[in-house]
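First the structure, in the form of structure tokens, and then the observations on it.
All heavy atoms count here, side chains included; hydrogens, waters and symmetry mates do not. Remember, predicted model here, so these are calculated numbers, not experimental data.
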Amino acid sequence: MDLLGPLHDFLLVFLGSGLIVGGLGVVLLTNPIYSAFSLGLVLVCISLFYILSNSHFVAAAQLLIYVGAVNVLIIFAVMFMNGSDYSKDFHFHLWTVGDGVTSLVCTSIFFSLITTILICFIYHITFCNI
């Protein structure tokens, strides 16, 4: 898409935050139905990233194949197996070991990316010839 620079940057930040929130929802939510809906949010944000990079066919394939088929199949399978019973056993665990490890890994990746961005900004390193 040919968008203005600030609008393009805003959409990138908005979709990136949607990816982060959706990914954390997939991992941290105890109800598998809510986790599947968070996966749908992640897949829609990825297809919108493809639209921003002018890959419209890949975006349409992403929506049709992954969101339209795979995620609906996951939701159907979870609901067929009575997915709400899974979260009843885990109400007494507020914070599990997997949540802690996932938070530690995501936080370390986040800080390493921020450090890389700041180093590239300080030393005027660009990755494209615009």
Side-chain angles (χ1 to χ4, degrees):
M1 255 189 224
D2 295 331
L3 297 174
L4 297 175
L7 181 63
H8 190 267
D9 294 341
F10 172 75
L11 287 175
L12 284 176
V13 169
F14 183 72
L15 291 175
S17 62
L19 276 172
I20 291 171
V21 168
L24 287 174
V26 168
V27 176
L28 297 177
L29 291 174
T30 57
N31 193 346
I33 295 173
Y34 295 149
S35 181
F37 283 134
S38 294
L39 179 65
L41 173 69
V42 168
L43 295 174
V44 167
C45 286
I46 290 172
S47 69
L48 291 174
F49 267 123
Y50 286 137
I51 289 175
L52 278 178
S53 64
N54 291 328
S55 301
H56 301 289
F57 177 76
V58 178
Q62 170 87 18
L63 281 174
L64 287 174
I65 294 170
Y66 288 109
V67 179
V70 174
N71 201 27
V72 171
L73 183 66
I74 290 171
I75 291 174
F76 175 74
V78 167
M79 292 177 128
F80 184 70
M81 294 173 21
N82 200 4
S84 61
D85 291 340
Y86 293 115
S87 63
K88 291 179 183 175
D89 297 335
F90 298 111
H91 281 298
F92 60 91
H93 295 296
L94 184 61
W95 191 261
T96 61
V97 176
D99 294 340
V101 169
T102 303
S103 297
L104 181 68
V105 168
C106 289
T107 305
S108 64
I109 290 173
F110 176 74
F111 281 120
S112 66
L113 285 174
I114 292 298
T115 317
T116 305
I117 289 170
L118 289 176
I119 287 172
C120 290
F121 180 71
I122 289 170
Y123 292 113
H124 303 290
I125 299 172
T126 59
F127 296 105
C128 58
N129 297 326
I130 295 178

- prompt: Is Ser103 reaching over with its side chain to a backbone N or O of Gly100, donor-acceptor style, under 3.5 angstrom?
  reply: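 Not at all, since once roles are kept as given, no pair shorter than 3.5 Å links the two residues.
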
Should side-chain heavy atoms under 4.5 Å link Ile, Leu, Val, Met, Phe, Trp and Tyr, which residues sit in the same cluster as [X]?
X      : answer
Leu118 : Phe110, Phe111, Ile114
Leu104 : none
Tyr34  : Leu29

Considering residues at least two apart in sequence or located in another chain, which fulfil the side-chain contact (heavy atoms from CB on, under 4.5 Å) criterion with [X]?
X      : value
Phe14  : none
Leu48  : Leu15, Val44, Ile51
Val58  : Tyr50, Ser55
Thr102 : Val27, Cys106

field: CA sep, side-chain torsions, deciding dist, call: Leu41, Cys45, side chain to side chain contact (heavy atoms under 4.5 Å, CB included)
entry: CA-CA 6 Å; Leu41 173 69; Cys45 286; 4.2 Å; yes

Under 3.5 Å, sequence neighbours excluded: what are the donor-acceptor pairs made by side chains of residues 63-80?
residue, atom, partner, partner atom, Å
Asn71, ND2, Ala36, O, 3.2

query: How far apart are the closest heavy atoms of Ser38 and Gly22, and which atoms are they?
result: CB-O, 3.5 Å

- prompt: What pair of heavy atoms forms the shortest contact from Ser47 to Ala59, and how long is it?
  reply: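 So the minimum-distance heavy-atom pair works out to O-CB, 3.3 Å.
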
query: What about Leu11 and Leu43, same hydrophobic cluster or not, with Ile/Leu/Val/Met/Phe/Trp/Tyr joined at side-chain heavy-atom distances under 4.5 Å?
result: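 Leu11 clusters together with Leu43.
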
Shared hydrophobic cluster for Val42 and Leu12 (ILVMFWY, side-chain gaps under 4.5 Å): yes

